[in-house]
Amino acid sequence: MAKMNYNKRFADLEKRMVTPPEGEPFEVDPLKDYFSDAKPRTYPPSKIPPLEKFYNWCRAESIYILGFGTGCGAIEMRPLMSPMYDAYRYGVHWRPTPRQSTVFVVGGYASVKTLKRIVRSYEQMQGPKWVLGVCSCTINGGMYWDSYNTINRLDHYIPVDVYITGCMPRPEALLDAVETLKTRIKEGRGEGANKYAENYEWYKANQRKVIKSWDMPDYNW
Amino acid sequence: MADFDYMKILYAATTIFLTINYGLVLQGIIGKIYARVGKRIGIRIYQPYINLIRQWVTRNSISHGIMFYLGPVFRFTGGGGILIFLPLIYGAPLFNSFVEAGDLLLIMYFMFLGTLGMALGGGEAGHPYSAIAVTRGLAQVTAADIPLVLAIFSITIQYDTMNIVEIVGAQQGSFLNWTLFTNPLATAAAMLAFLGSMMRSPFDVVLAPQEIPIGPPTEYQSQFLAMLMTNRTIFPIAKTMLFVNLFFGGVALYDSYLLTFLVFFLKTFTVYMWSVFVGVSFPRFRVDHSIRWFMKYPLVIGVLAILFVSIGN
């Protein structure tokens, strides 16, 4: 039964013949035809250093967080919007779609199923982009270190800029991490997107090792 | 074409540039007001500037096709078009670049053009959220446009012209000549319709991040989004200016430039604040609620405005 459902799920990704209204049938391979199979490439910083410094300052002072709660640590992000912490005054905003976000907050443990979504969302973000790993679970697996379906180190799968230790860290710790990330970006050290493109094969190999049901294109443009 | 004054292009560009700056400052102030109502400290006043620059300097972007490119262009044409065909300051050549080239009908067209452009662009993005948000947005904008069109018909009958410069000219002299006092019903209908097109609560279900994310621009990123953000700074100002021109006597050119700009800021700010105050006070409507609301009071007031003006004539 499980096998049957599995096949059904991927049915719309298989090769098939399609007959358009004109009558001439043609073959469709969804993973090839509907998605780009181009590989990511690196985007060098601006050639004028003072300009790049100014851009980096802007990038640091205007942070768009992807509002996607990936683990239990995501609950610590919500108080930041409240009057108690009010992260907006530090230039932190929340966006509902990865396309418009610059910072991905991975909130704690990442099960294999979530990892797939994390990879998809991360790849859909436009560079330069940064990742915050919240809680011990993203660093070494935390209390799920020997779990059968939870990854241990997040930076084997996507580049992480700042880790926040604790189980759970308080919202202040998250604010502190944002400030640390800001300094990193201003110093020009936030090149995670380029790092991902450079070491693309290594990251993909690691991802494929744990994600068995790979029902997505190699790179999610 | 021979006697075309090329300086007008420069004037139009200056107008758009100044309006972008005014819009960004206003966005900062409004962000601050929203935050203070929620007992927060809120964004820095200059935050919208940083957001816009940051968005323009994103390193890579993804396109989904030609219409995806043209969506933001349509949107910007809508905002910029209203701006350059409106007499921003009555009698000042710098802010009247192309007024004689278009009338009220063209402005009405430009107000809808951006929404249609976004519908096509968001449609080509292929994201289901874009498609559903476009249907919601078009339904709501159409519903809000009906009372607005009735109000505009009413003042067209009243002044017997569609030329905005003439309408503004007819309101000069005393504040009692404003349409607000000569045709209060049309003003009421239009100001209620104004709420519907400002994308603020209670009519912000289309673009609200907490609803179906984030409406038509779900797939828009990088410079595409930057274009849309630039338009979002000028579009509300352009629309506010249209209402100031039609109902609140426009902004006349006084002897002192300082006084002129002061009146300009005061009028646009007050009219803009109308949508902000309603926005912070009322919760969000669903689309079916808002359509029903527009089809009730604003519509009746609009019809009455036309009736009274026709009888008066």
Side-chain angles (χ1 to χ4, degrees), chain A residues 34-36 38 40-46 48 51-68 80-103 123-129 185 190-191 193-194 197 219-221, chain B residues 24 27-28 31-65 68 122 125-130 133 207-229:
Chain A
Y34 294 169
F35 303 98
S36 166
R41 67 177 184 85
T42 54
Y43 291 85
S46 166
I48 309 161
L51 209 58
E52 180 66 16
K53 211 170 159 67
F54 172 65
Y55 290 169
N56 278 338
W57 179 82
C58 289
R59 285 165 188 149
E61 291 303 325
S62 159
I63 280 177
Y64 280 15
I65 287 180
L66 174 56
F68 169 32
L80 293 185
M81 304 177 194
S82 68
M84 181 97 174
Y85 299 102
D86 188 24
Y88 292 98
R89 63 198 151 124
Y90 301 116
V92 180
H93 303 258
W94 280 264
R95 298 301 281 193
T97 148
R99 290 291 194 204
Q100 301 171 1
S101 322
T102 58
V103 174
E123 288 175 352
Q124 283 179 1
M125 288 161 67
Q126 303 302 307
K129 50 193 171 183
I185 298 170
E191 296 290 342
N194 285 342
Y219 189 84
N220 300 279
W221 278 102
Chain B
L24 286 170
Q27 266 185 10
K32 211 71 175 160
I33 291 177
Y34 263 80
R36 289 301 160 96
V37 171
K39 287 196 176 176
R40 288 187 291 110
I41 292 174
I43 60 169
R44 295 163 287 198
I45 294 279
Y46 55 91
Q47 186 72 47
Y49 276 95
I50 311 177
N51 289 353
L52 192 61
I53 296 170
R54 201 287 321 270
Q55 200 60 47
W56 274 112
V57 299
T58 318
R59 283 194 194 141
N60 53 329
S61 63
I62 306 290
S63 171
H64 293 270
F68 190 80
H127 202 287
Y129 289 170
S130 296
L207 274 182
Q210 300 91 336
E211 304 290 331
I212 289 175
I214 181 177
T218 305
E219 278 287 315
Y220 278 97
Q221 15 70 26
S222 307
Q223 284 80 14
F224 299 109
L225 184 68
M227 193 80 176
L228 293 176
M229 281 164 77

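Protein chains get the first letters and strands the later ones, always in sequence-line order, with residue 1 at the start of each. Side-chain atoms are counted along with the backbone in the values below, which use heavy atoms only and exclude waters and symmetry mates.
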Rounded distance (nearest 0.5 Å) linking atom OH of A:Tyr55 with atom CZ of B:Arg54: 13.5 Å
Note: vs chain B, highest number of non-hydrogen pairs under 4.5 angstrom among A:Thr102, A:Val92, A:Asp86, A:Thr97 is A:Asp86
Chain B interface, residue from A:His93, A:Met84, A:Arg95, A:Lys129 that has the most non-hydrogen pairs under 4.5 Å: A:His93
Can you tell if the side chain of B:Leu225 reaches within under 4.5 Å of the side chain of A:Arg99, non-hydrogen atoms only? no
Of all the heavy-atom pairs spanning A:Tyr64 and B:Met229, show the shortest one and how long it is. OH-CE, 3.8 Å
Report the option among A:Gly91, A:Ser101, A:Ser62 that has the most heavy-atom pairs separated by less than 4.5 Å from atoms of chain B. A:Ser62
Rounded distance (nearest 0.5 Å) linking atom OH of A:Tyr43 with atom OG1 of B:Thr58: 11.5 Å
Close side-chain approach of B:Val57 and A:Arg59, heavy atoms under 4.5 Å: yes
Give the member of A:Ala60, A:Ala193, A:Ala87, A:Pro45 that has the highest number of heavy-atom pairs under 4.5 Å with chain B. A:Pro45
Please name the pair of heavy atoms, one in B:Gly38 and one in A:Pro83, separated by the smallest distance, quoted to 0.1 Å. O-CG, 3.3 Å
Residue pair B:Gln47 / A:Tyr88, side-chain heavy-atom distance below 4.5 Å: no
Short side-chain to backbone donor-acceptor contact, A:Gln126 and B:Arg59, under 3.5 Å: no
CZ of B:Arg40 to CE of A:Met81, rounded to nearest 0.5 Å, is 10.0 Å
On a heavy-atom basis, the closest approach of A:Cys58 and B:Ile53 is SG-CG2, 3.7 Å
